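Working notes, beginning with the structure itself.
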Amino acid sequence: MNHQLENKRVLVTGGSRGIGAAIVKRLAQEGAHVALTYVSKPDQANATAKAAQAFGVKAITIKADSADANAVVSVVERTVDELGGIDILVNNAGIAVIAPIDAYRLEDLDRTLAVNLRAVFVATQAAVKHMKTGGRIITIGSCNAERVPFEGGAVYAMSKAALVGLVKGLAHDLGPRGITINNVQPGPINTDLNPEDSDFADMLRKQMAMPRYGTTDEVAAMVAYLAGAEAGFVTGASLTIDGGFTA
Ligand SMILES: NC(=O)c1ccc[n+]([C@@H]2O[C@H](COP(=O)([O-])OP(=O)(O)OC[C@H]3O[C@@H](n4cnc5c(N)ncnc54)[C@H](OP(=O)(O)O)[C@@H]3O)[C@@H](O)[C@H]2O)c1
């Protein structure tokens, strides 16, 4: 593993488990100091921070609900205070409430948009105040922005589709400042959110060119590419990693 991110300062929202935890560990392995947020599982957050520290970098955990805009701004400020700045922001925290339209609760729509979309804008706005040329913003969207072949996924898909437009627009705000912003769109990935051993998973695999779930490490590798110097000309892009779910 090369050390392309030596001494970069990174914030990963929702970094305690799943895809976020894999991103934390991968960027730490490449030499970055990392702050990660969590909301409900401090033990998982601490375990992930410890795994990152094993690579010889600083790693801190911050409890913060992404649905709370003030908390999101505070997380960015604390990252800057404790790591000495911020070079890379990974907006990973996300929730999925799947329910058909007749049963969908308005409070779940509001919370989904607050966590999956508004928090991305708020964290990005707070982070770019501190970022210099070479800064990187990476959001974790979803293949469901492009294809939603099951009942009940509309609100989740809407929240992820909005990220496609957000990164395109912000690419123009941030490009002249030398900061890139991109969106990674995973397909089915084996995590607590979407375990590979369920009836839902069996249905999804049938939709894919490669009928298997992806791993969190595969997504983290794409994030590491976008975070590094070699991706300096990639911005405003939504890059899909989905085993052909949308093919
Ligand atoms: N898994 C998939 O198949 C898949 C596919 C496409 C896109 N994605 C996207 O990838 C991202 C990560 O998903 P995942 O599968 O890794 O999910 P996960 O296993 O459920 O993990 C979610 C992570 O986000 C944190 N989190 C949840 N709600 C939060 C909130 N309100 N504020 C702050 N942190 C919060 C959790 O913290 P705690 O540990 O404290 O609960 C945890 O660290 C999400 O944006 C998701 O939409 C996932």
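Since the model is a prediction, treat every value here as computed from it, not as a measurement. Just follow the structure's listing: the first ligand is 1, and inside any ligand the first atom is 1.
When each atom of ligand 1 is checked for a heavy atom of Tyr156 under 4.0 Å away, the hits are 6 (C), 7 (C), 8 (N), 9 (C), 46 (C), 47 (O). Within ligand 1, the atoms closer than 4.0 Å to a non-hydrogen atom of Ile19 are 10 (O), 16 (O), 48 (C), numbered from 1 in the order shown. Listed by atom number, the atoms of ligand 1 under 4.0 Å from Ile140 heavy atoms are 9 (C), 10 (O), 11 (C), 45 (O). The Pro186 neighbourhood of ligand 1 comprises atoms 5 (C), 6 (C), 7 (C), with distances under 4.0 Å to a heavy atom of that residue. Atoms of ligand 1 lying under 4.0 Å from any heavy atom of Ile95, numbered from 1 in the order shown and given with element: 28 (N). Close approach of ligand 1 to Gly187 is summarised as follows: ligand atoms under 4.0 Å from at least one heavy atom of the residue are 3 (O), 5 (C), 6 (C). Within ligand 1, the atoms closer than 4.0 Å to a non-hydrogen atom of Asp65 are 30 (C), 31 (N), 32 (N), numbered from 1 in the order shown. Counting atoms of ligand 1 from 1 in the listed order, those under 4.0 Å from a heavy atom of Thr191 are 1 (N), 14 (P), 15 (O), 16 (O), 19 (O).
Using 4.0 Å as the threshold, Lys63 has no heavy atom nearer than that to any atom of ligand 1. Look at Lys160 and you'll find a heavy atom under 4.0 Å from some atom of ligand 1.
In this structure, Arg9 contributes its side chain and Thr79 its backbone to no donor-acceptor pair below 3.5 Å. With hydrogens and angles ignored, the 3.5 Å screen pairs no side-chain donor or acceptor of Arg26 with any backbone N or O of Glu218.
Ligand 1 has no N or O atom lying under 3.5 Å from any N or O atom of Gln44, backbone or side chain. Of the N or O atoms in Val39, one or more lie within a sub-3.5 Å distance of an N or O in ligand 1.
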Go through the steps for Ile95 and Asn116 under the test side chain to side chain contact (heavy atoms under 4.5 Å, CB included), then give the verdict.
-> CA-CA 7 Å; Ile95 57 171; Asn116 292 9; 3.8 Å; yes
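Qualifying ring pair (Phe, Tyr, Trp, His ring centres under 6.0 Å) partners for Phe200, counting only residues two or more places apart in sequence or in other chains: Phe150.
Relative to atom 7 (C) of ligand 1, the option among Gly141, Gly214, Gly94, Ser16 with the closest non-hydrogen atom is Gly141. Nearest-residue assignment for atom 33 (C) of ligand 1 (options Gly14, Ala21, Ala64; heavy-atom criterion): Ala64.
Screening residues 89-144 for ring-ring contact (aromatic ring centres under 6.0 Å, His included), with sequence neighbours left out, gives no hits.
Judged by the 6.0 Å and 45° rule, Arg147 forms a cation-pi pair with Phe245.
Between the side chains of Thr246 and Asp242, at least one donor N or O lies within less than 3.5 Å of an accepting N or O. Counting only N and O atoms by type, the side chains of Thr240 and Gln185 include a donor and acceptor under 3.5 Å apart.
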